[in-house]
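Following: one structure in structure tokens, then a few remarks.
For this chain, numbers begin at 1 and follow the sequence in order. The basis for the numbers below is simple: all heavy atoms, side chains too, and nothing from hydrogens, waters or symmetry mates.
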Amino acid sequence: MSFHFSARHMRLITGHGLETTPRAISAGLLPGSDPPSLIVAIWFDLGAMGALAVAALILHRAQRAAAQSPDVAAAEIALICCASAQMLLGVAALQAWWMSSVAAAIISVRAIAQGQFRTRRPRARLFARPVE
């Protein structure tokens, strides 16, 4: 008995292509009762490779957060948890405001990371000379 690896099986690995989920819903390939969550869209559009890439990104960010100071790590883990929960459960991930809120959260985490442990103000430079 041999296993024939068809194009249908390849689609599980490579996906159907970017922005294919809305067309699949309109064609009746996916249920159209409510919009799919982002993880379903990633799986359908990018396949197993895209899903593994998202999982690797989440794992990398969590490991990097563990190496940060406790305040920064707490903010970054909170960002990862909230974004992942919305991505897996909610339909809001396909809307523009979701990406804007994630971008604002990322900027906040970076501001926390850059503002840590500064005990004195840096010297101001005027024409490449330090001002005393």
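What you find for Ile80 and Ala62 is that their closest heavy atoms are CD1-N, 3.7 Å. Smallest separation of non-hydrogen atoms from Ala65 and Ile77: CB-CD1, 4.0 Å.
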List, one per line, each side-chain donor-acceptor pair under 3.5 Å for residues 40-59, sequence neighbours excluded.
from	atom 1	to	atom 2	distance (Å)
Asp45	OD1	Thr20	N	3.3
Asp45	OD1	Thr21	N	3.1
Asp45	OD1	Thr21	OG1	2.8
Asp45	OD2	Glu19	N	3.4

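Applying the side-chain hydrogen bond (donor to acceptor under 3.5 Å, both in side chains) test to every pair with at least one member in residues 73-84, sequence neighbours left out, gives these pairs: Arg61-Glu76.
Remark: Arg110 CZ to Ile112 CD1 distance equals 11.0 Å, nearest 0.5 Å.
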